[in-house]
Structures are given as structure tokens and as C-alpha cells.
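Only one structure is covered here, and it is reproduced in the block below.
Computed from a predicted model, the values in this text were never measured in an experiment.
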Amino acid sequence: MRRLTTVLLVLSCFSCAGCNINSLLGLGGGTKSVTVVVDPKTQSVVVATTQQFTATVTGSSNTAVAWSVGGTNCSTQDCGSISATGLYTAPKTIPNPALVAVTATASANSADFGAAAVTIIAAPAPASAMQRGTYTFLLYGSDAEGPLSIGGTFEADGSGQLINGELRLCRSESHCSDQAFAGATASTGANHGTFAADIFPASTFTFSPAPNNIFKLDLTGSHNLRASGILRPNSTSADN
């Protein structure tokens with residue numbers, strides 16, 4: 001009789017109002033769990049740079065979070081750090097594996113958190129045309145004598161040196177002169193440099209990437225020389 005009474009009591013519990021499997025397991029009723037969403041959810045971050053993360057907390061009036069960084073082998077290597085405001089600083093070298101987690105834990109409930117997947121990547125190669133290969137350039141501008149155009153070619157030897165340079169200077173269709181020149185980039189991988197020709201002593205140039213594998217080129221020099229145009233690599237070796 002005692003066993004039957006116990007069974008009846010349990011069945012009675014499952015049938016009563018508000019008494020169900022979810023409530024027994026703590027999955028239903030009462031205050032909902034706090035939700036933390038980290039933005040951006042996934043992000044690639046270059047070594048030694050920073051990335052700002054934000055956390056949105058719902059389900060609690062306490063919207064504060066505690067930030068942390070973790071991942072495989074992060075206890076034995078640098079995986080970066082994060083400030084109290086969510087500013088992540090990537091390590092100076094890529095960890096192994098390169099994937100780390102940035103986590104925001106709700107202050108209202110330490111069991112609730114959100115996370116973002118961060119991939120640490122190498123810094124991109126400098127935007128430089130002065131690497132290796134043959135290049136063609138064409139510029140239009142002026143100097144103290146008036147309007148001019150300059151076109152020519154040169155080779156870059158891969159160590160910053162410009163070799164076998166030739167240019168044609170034209171002040172009109174019938175007034176052109178050909179010259180050889182030599183020079184060097186200011187440093188390997190830099191986007192500026194110098195060259196010298198008979199008519200253009202101590203000239204300087206700068207360049208920046210443009211669409212279709214072309215570089216925007218600007219030239220300045222003595223006698224009020226100012227010219228702008230394009231620089232185009234003639235071979236794929238220039239990108240190596």
C-alpha cells in the first residue's frame with residue numbers, strides 16, 4: 001500500500017498546475033537567462049594591431065561584462081590581450097593555432113557569456129612596386145620651362161635598386177629627348193624613392209596602388225618639376 005501511495009503522489013505532482021518537466025529541470029518559469037552577444041562575431045586581426053569588440057546584454061538591467069581571451073595553448077603562448085572596454089590587442093607573432101576566442105561574461109550571471117572567433121594573421125606586404133621586374137611609367141606635368149610629358153621604363157632588382165632606366169622627355173611633339181637614369185628606392189618595400197637623370201637631378205617619386213595592377217605615380221624635382229601619372233609592372237615577377 002505504501003508503494004501505491006508514493007506512485008500516486010508523483011503522478012499527482014506531474015498533473016498539478018506549473019509542475020512539469022521544464023520546471024523540475026530549471027528550464028522553464030522564472031527569470032530567463034541572460035544573453036550576451038559579442039560583435040563582430042568573427043574577425044581576422046593583424047599581428048600587433050587592435051580590434052574593438054562590443055557586447056550586448058539582454059535579460060538583465062546589469063549590462064556590464066568581463067572580457068577575456070583564450071584558446072588552445074594560450075596558457076603557454078601569447079594569444080593577445082583585451083581591455084575592460086573590449087579593445088583587443090593581437091600578439092606580435094601568430095600563435096599556434098592562430099584561432100583564439102574573445103569572450104564577454106555577464107556580470108549579472110557568470111554562467112552566461114558570448115564569444116567571438118578571432119584569427120590572427122600576418123601583416124600584409126607593403127604596397128610597393130619597387131620589388132622586382134620591369135616597369136613602364138608615363139607622367140604629365142610641368143617645370144620652370146613649361147608643360148612636359150615623361151615616359152620610360154626601368155628594372156627593379158629586388159633589393160631596392162632601380163637599374164637600366166630610360167626615359168623620354170617631351171615638351172612638344174617635335175621636341176623630345178631620350179636619357180638614361182639610375183636610382184634607388186628609399187628602402188626595400190617603401191612606396192617612395194629617388195632617381196637622377198641629366199635633366200632631373202635629385203628627383204623624388206611616390207606611388208600608391210590603383211585598380212588593375214597599376215600604380216599612381218607622382219614626381220617632383222628641381223626647377224619646379226611636378227608631374228603625375230601611372231606606373232605599370234610589365235611582368236608578374238614584380239609582385240613576388
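- Separating the OH atom in Tyr88 from the CD1 atom in Ile82 is a distance of 8.5 Å, to the nearest 0.5 Å.
- Proximity of a side-chain donor or acceptor of Asn73 to a complementary backbone N or O of Asn96 within less than 3.5 Å is detected.
- Leu169 and Leu138 are members of different hydrophobic clusters when ILVMFWY side chains are connected at heavy-atom separations under 4.5 Å.
- Taking 4.5 Å as the limit, some side-chain heavy atom of Pro91 sits within range of a side-chain heavy atom of Ile120.
- With rounding to the nearest 0.5 angstrom, the CZ atom of Arg232 is 14.0 Å from the OG1 atom of Thr134.
- A side-chain donor-acceptor contact under 3.5 Å links Ser107 to the backbone of Ala64.
- A salt bridge is defined here as a Lys NZ or Arg NE, NH1 or NH2 lying under 4.0 Å from an Asp or Glu carboxylate O, and Asp39 with Lys41 fails to meet this definition.
- Closest of all the heavy-atom pairs between Gln77 and Thr72 is NE2-O, 3.7 Å.
- Under the 3.5 Å distance criterion, with hydrogens and angles disregarded, a donor-acceptor pair is assigned to the side chains of Asp218 and Ser228.
- Phe137 is listed as a side-chain neighbour of Ile150, based on a closest heavy-atom distance under 4.5 Å.
- The shortest side-chain heavy-atom distance between Thr136 and Thr153 falls under the 4.5 Å cut-off.
- Around CD of Glu166, the count of heavy atoms belonging to other residues, nucleotides or ligands within 6.0 Å does not exceed 12.
- Between Phe53 and Pro40 there is a side-chain heavy-atom pair separated by less than 4.5 Å.
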Side chain to side chain contact (heavy atoms under 4.5 Å, CB included) between Leu231 and Phe154, worked out: CA-CA 10 Å; Leu231 174 69; Phe154 64 80; 3.8 Å; yes

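- Between the Ser142 side chain and the Gly146 main chain, no donor and acceptor come within less than 3.5 Å of each other.
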Apply the test side chain to side chain contact (heavy atoms under 4.5 Å, CB included) to residues Thr58 and Thr35: give CA-CA distance (whole Å), side-chain angles for both, the deciding distance (0.1 Å), then the verdict. CA-CA 5 Å; Thr58 57; Thr35 300; 3.3 Å; yes

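- Residues Val65 and Val57 have side chains in contact (heavy-atom distance under 4.5 Å, counting atoms from C-beta outward).
- Atom CZ in Arg171 sits 8.0 Å away from atom OG in Ser177 (nearest 0.5 Å).
- Side-chain atoms of Arg226 and Thr220, non-hydrogen and from C-beta on, do get closer than 4.5 Å to each other.
- The two atoms that bring Asp143 and Leu225 nearest to each other are CB-CA, 3.9 Å, heavy atoms only.
- Linking ILVMFWY side-chain heavy atoms closer than 4.5 Å, directly or via other members, places Ile121 and Val102 in a single hydrophobic cluster.
- Closest approach of Ala106 to Val36, counting heavy atoms only: CB-CG2, 3.7 Å.
- Hydrophobic cluster membership differs between Phe113 and Val69, with clusters built from Ile, Leu, Val, Met, Phe, Trp and Tyr side chains linked at under 4.5 angstrom.
- Between Trp67 and Ala104, the shortest heavy-atom distance links the atoms CZ3-CB, 3.7 Å.
- Thr85 and Gln52 make their closest contact through O-NE2, 2.8 Å (heavy atoms, listed as atom of the first residue, atom of the second, distance).
- Nearest heavy atoms, Cys74 versus Val100: SG-CG1, 4.0 Å.
- Connection of Tyr140 to Phe215 is not established within any shared hydrophobic cluster, with ILVMFWY side chains joined at heavy-atom distances below 4.5 Å, either directly or through further cluster members.
- Hydrophobic clustering of Ile, Leu, Val, Met, Phe, Trp and Tyr side chains at less than 4.5 Å, counting indirect connections, unites Val118 with Ile94.
- Contact check for Glu145 versus His223: no side-chain heavy atoms found under the 4.5 Å cut-off.
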